[in-house]
Amino acid sequence: MERNSTKFSRQNGCLGALDEWDSRHRSIIARLNRIAEKARRQPGCDLSCELDQLVNETLRHIGPEESFMELVAFPMAREHSIRHRSISIDTAKLRYQLQKREDALPDALDRIRLMWLEHIEVHDRAFELFLTSRG
């Protein structure tokens, strides 16, 4: 399977796509953990670069996943897309709050991390079940 692509071969099938998305999820959660740890260890430090990278990584994850959902006619694709938008908006808001020097950064990072974990466990798991049930 080509990286950052919605294409998949019969050999790799849907499982190759699932592995790639699992890797992206781990990367996003790891980035959130690093940002949160830095915010706790160094209160008031500039996290704008890290948050910009988080926003970009979030958006890079969403596009290919949603395209693949359309390709395979996932029946819950619209709901899944709405969840993605919610996470993206909250992540962008966090970046804006940092710009405005609002102090709720650690709590907001924890909230976004929990949103991602819930999204992975509930919504991405439903997509995985859909794909694996197709054989």
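Along the sequence shown, residues are numbered consecutively beginning with 1. Atoms considered below: every heavy atom in the structure, side chains included; atoms not considered: hydrogens, waters and symmetry mates.
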Discussion item. Any non-hydrogen side-chain atom of R83 less than 4.5 Å from a side-chain atom of H80?
Written reply: no
Worksheet item: H61 and E65: side-chain donor and acceptor closer than 3.5 Å?
Response: yes
Worksheet entry | Heavy-atom check, side chain of L51 versus side chain of V55, under 4.5 Å | no
Worksheet entry | Electrostatic pair D110:R40 at N-O distance under 4.0 angstrom | yes
Practice prompt. Quickly, which of R78, M76, E70 forms a side chain to side chain contact (heavy atoms under 4.5 Å, CB included) with F74? Name it, please.
Written response: M76
Discussion item. Once rounded to the nearest 0.5 Å, what's the spacing between atom CZ of R111 and atom OG1 of T91?
Written reply: 9.0 Å
Discussion item. Looking at every heavy atom in both L109 and L32, which two are closest together, and how far apart are they?
Written reply: CD2-CD2, 4.0 Å
Discussion item. For W116 together with H123, are the ring centres under 6.0 Å from each other?
Written reply: no
Worksheet entry | Heavy-atom closest pair, residues E121 and R125 | O-CB, 3.0 Å
Practice prompt. Is it possible for you to say whether L71 and F127 belong to one hydrophobic cluster, with membership spreading through side-chain heavy-atom contacts below 4.5 Å?
Written response: yes
Item to complete: To the nearest 0.5 Å, tell me how far E128 CD sits from T132 OG1.
Response: 6.0 Å
Worksheet item: Are E50 and R31 ion-paired here, with the side-chain N under 4.0 Å from a carboxylate O?
Response: no
Worksheet item: I120 and I29: side-chain contact (heavy atoms from CB on, under 4.5 Å), yes or no, with the steps?
Response: CA-CA 10 Å; I120 293 164; I29 296 299; 4.3 Å; yes
Practice prompt. Answer yes if I35 and M115 sit in the same cluster of Ile, Leu, Val, Met, Phe, Trp and Tyr residues linked by side chain heavy atoms under 4.5 Å apart, and no otherwise.
Written response: yes
Worksheet item: Would you find a donor on one side and an acceptor on the other, under 3.5 Å apart, between the side chain of S81 and the backbone of A77?
Response: no
Practice prompt. Report the distance from atom CD of Q53 to atom CZ of R95, rounding to the nearest 0.5 Å.
Written response: 11.0 Å
Practice prompt. State the CG-CG distance between L54 and L47, to the nearest 0.5 angstrom.
Written response: 11.0 Å
Worksheet item: Between H84 and E66, does any side-chain donor sit less than 3.5 Å from a side-chain acceptor?
Response: yes
Discussion item. Please find the pair of heavy atoms, one from S88 and one from T58, that lie closest to each other, and give the distance.
Written reply: OG-CG2, 3.8 Å
Discussion item. Just by distance, no angles: are the side chains of H119 and H25 close enough, under 3.5 Å, to form a donor-acceptor pair?
Written reply: no
Practice prompt. Could you go through the side-chain contact (heavy atoms from CB on, under 4.5 Å) check for L131 and F68 one step at a time?
Written response: CA-CA 11 Å; L131 291 175; F68 189 67; 3.9 Å; yes
Item to complete: Check the hydrophobic clustering (I, L, V, M, F, W, Y; side-chain heavy atoms under 4.5 Å; chains of links allowed) and say if L117 and I112 are grouped together.
Response: yes
Item to complete: Would you indicate whether R34, at its atom CZ, is surrounded by more than 12 heavy atoms from other residues, nucleotides or ligands within a distance under 6.0 Å?
Response: yes
Response to the item:
Heavy atoms of F130 and P75 approach each other most closely as CE1-CD, 3.5 Å
